[in-house]
Amino acid sequence: MNRLLLRLVMIGFLVFRLNAYWQQEVHYNIAVTLHDSDNTLTASEQLLYINHSPDTLSGIWMHLWPNGYRNDKTALARERRQLRHTRFLKTAAEKRGWLDLNEVRVGDESLTWRTKGDSIDIAWFQLPKPLAPGDSVTINMRFLVKIPELNSRLGHIGQHYEITQWYPKPAVYDAGGWHPIPYRNWGEFYSEWGNFRVAITLPENYVVAATGVLDRKSVV
């Protein structure tokens, strides 16, 4: 009898905990073009962010992780210096990487944004109106990525390209609050759950290796 009561109590506790859990949701629609003449990507991104939290959000912290390669003052540069990986630190300015936002808007309204202190790979996007629990917002962006010489996850060796963590993505917002984490080589990345639809345009003589399901291949 006591064992049965204990099991019922445990089941009730677990059900309560599951019902209290929430997780934000993000859906991406991205179109990107590789320009191998200057090792850049031009892209547009439509981001649907759904607020499942119990909190009203005035803005969203966004990761602009290619900016971790931009200079020798980023968290990535400090990590490389600490580990005595000098190749990154000696990279010429024209061979470094970065991400430039050309447009950020919600509907017809442009968003204001600012970087997180010295962390140029993290930015705060101020929303035009607070995002209440259960509501969603669609953010449209156009941006340019300069692909660095390969010395971490994102980069190229000649015309071999490894493209990862290259697009603006929201920092995780969970029960502990925001997690705007700078780009580093060591460790893994904490990201929101979501769906991706990505259209990739590149010269005909390239082959793409990627996860996901190929809808169709078009040759122009």
Side-chain angles (χ1 to χ4, degrees), residues 8-32 43-68 75 99 101-117 119-143 145 153-154 163-184 187-200 210-215:
L8 291 175
V9 170
M10 290 296 290
I11 291 171
F13 175 75
L14 289 172
V15 169
F16 169 78
R17 293 293 296 176
L18 288 171
N19 286 341
Y21 179 80
W22 53 268
Q23 186 175 3
Q24 303 293 63
E25 184 177 346
V26 185
H27 298 271
Y28 299 88
N29 194 340
I30 302 174
V32 59
S44 62
E45 176 178 331
Q46 184 178 77
L47 174 72
L48 173 64
Y49 185 93
I50 304 173
N51 183 15
H52 292 304
S53 82
D55 307 316
T56 297
L57 306 177
S58 62
I60 299 173
W61 282 110
M62 297 286 291
H63 291 132
L64 310 177
W65 276 326
N67 281 334
L99 185 153
L101 289 167
N102 298 321
E103 180 181 81
V104 183
R105 59 183 174 82
V106 172
D108 295 328
E109 187 169 349
S110 295
L111 296 191
T112 59
W113 58 277
R114 57 176 172 79
T115 56
K116 186 178 183 287
S119 298
I120 59 175
D121 52 352
I122 305 169
W124 175 256
F125 284 18
Q126 184 69 39
L127 295 175
K129 64 178 184 178
L131 187 63
D135 284 352
S136 64
V137 62
T138 298
I139 302 174
N140 289 283
M141 292 170 272
R142 291 190 305 108
F143 59 97
V145 174
R153 292 173 171 87
L154 170 67
I163 310 298
T164 180
Q165 308 299 338
W166 57 275
Y167 54 93
K169 64 163 66 175
V172 170
Y173 185 77
D174 61 18
W178 286 106
H179 298 270
I181 302 167
Y183 182 92
R184 292 186 175 90
E188 290 302 329
F189 298 91
Y190 188 29
S191 302
E192 296 288 11
W193 176 87
N195 293 314
F196 293 81
R197 186 174 182 84
V198 184
I200 303 171
T211 58
V213 178
L214 180 65
D215 285 344

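None of the values given here were measured: they were computed from a predicted structure.
Ionic pairing of Arg197 and Asp215 is present here: one or more N-O contacts between side-chain nitrogen and carboxylate oxygen are shorter than 4.0 angstrom.
Between Trp178 and Tyr173, the ring planes are tilted. Angles from 30° to 60° get that label. Aromatic ring orientation, Phe125 versus Trp113: tilted (interplanar angle from 30° to 60°).
Interatomic distance, CD of Glu103 versus OG of Ser110, reported as 6.5 Å (0.5 Å rounding). Put simply, CE on Met62 and NZ on Lys116 are 15.5 Å apart, with the number rounded to the nearest 0.5 Å. Rounding to the nearest 0.5 Å gives a distance of 6.0 Å between CG of Leu99 and CZ of Phe143. The line from OG1 of Thr164 to CG of Leu154 is 7.5 Å long, rounded to the nearest 0.5 Å. The distance from atom CD1 of Ile50 to atom CD of Glu192, rounded to the nearest 0.5 Å, is 11.0 Å.
Remark: the backbone N or O of Ser58 is paired with a side-chain donor or acceptor of Gln126 at under 3.5 angstrom. Although no hydrogens or angles enter the test, the distance criterion places no donor-acceptor pair under 3.5 Å between the side chain of Arg184 and the main chain of Gly68.
Between Asn195 and Tyr28 there is no side-chain heavy-atom pair separated by less than 4.5 Å. No side-chain heavy atom of Trp193 sits less than 4.5 Å from a side-chain heavy atom of Val26. No side-chain heavy atom of His27 sits less than 4.5 Å from a side-chain heavy atom of Tyr49. In this structure, the side chains of Val172 and Gln24 stay at 4.5 Å or more apart for every pair of heavy atoms.
In summary, the side chains of Gln23 and His52 do not present any donor paired with an acceptor at a separation below 3.5 Å, with no hydrogens or angles considered. Between the side chains of Ser53 and Asn51, at least one donor N or O sits under 3.5 Å from an acceptor N or O.
For Phe189 and Tyr183, the ring centers sit closer than 6.0 Å to each other.
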Begin with the C-alpha distance, continue with both residues' side-chain angles, and end with the deciding distance and a verdict on side chain to side chain contact (heavy atoms under 4.5 Å, CB included) for Trp65 and Trp166. CA-CA 7 Å; Trp65 276 326; Trp166 57 275; over 6 Å; no
Evaluation steps, side chain to side chain contact (heavy atoms under 4.5 Å, CB included), between Leu101 and Leu64 = CA-CA 9 Å; Leu101 289 167; Leu64 310 177; 4.0 Å; yes
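Of the candidates Ile60, Asp121, Ile122, Ile122 is the only one forming a side-chain contact (heavy atoms from CB on, under 4.5 Å) with Pro180. For the pairing with Met141, the side-chain contact (heavy atoms from CB on, under 4.5 Å) check across Asn102, Leu111, Leu47 returns one residue only, Leu47.
Shown here for Glu45 and Pro168, the closest heavy-atom pair between the two residues is OE2-O, 2.8 Å.
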For residues 128-140, which side-chain donor-acceptor pairs fall under 3.5 Å, sequence neighbours excluded?
residue: Asn140; atom: OD1; partner: Gln46; partner atom: NE2; Å: 3.3

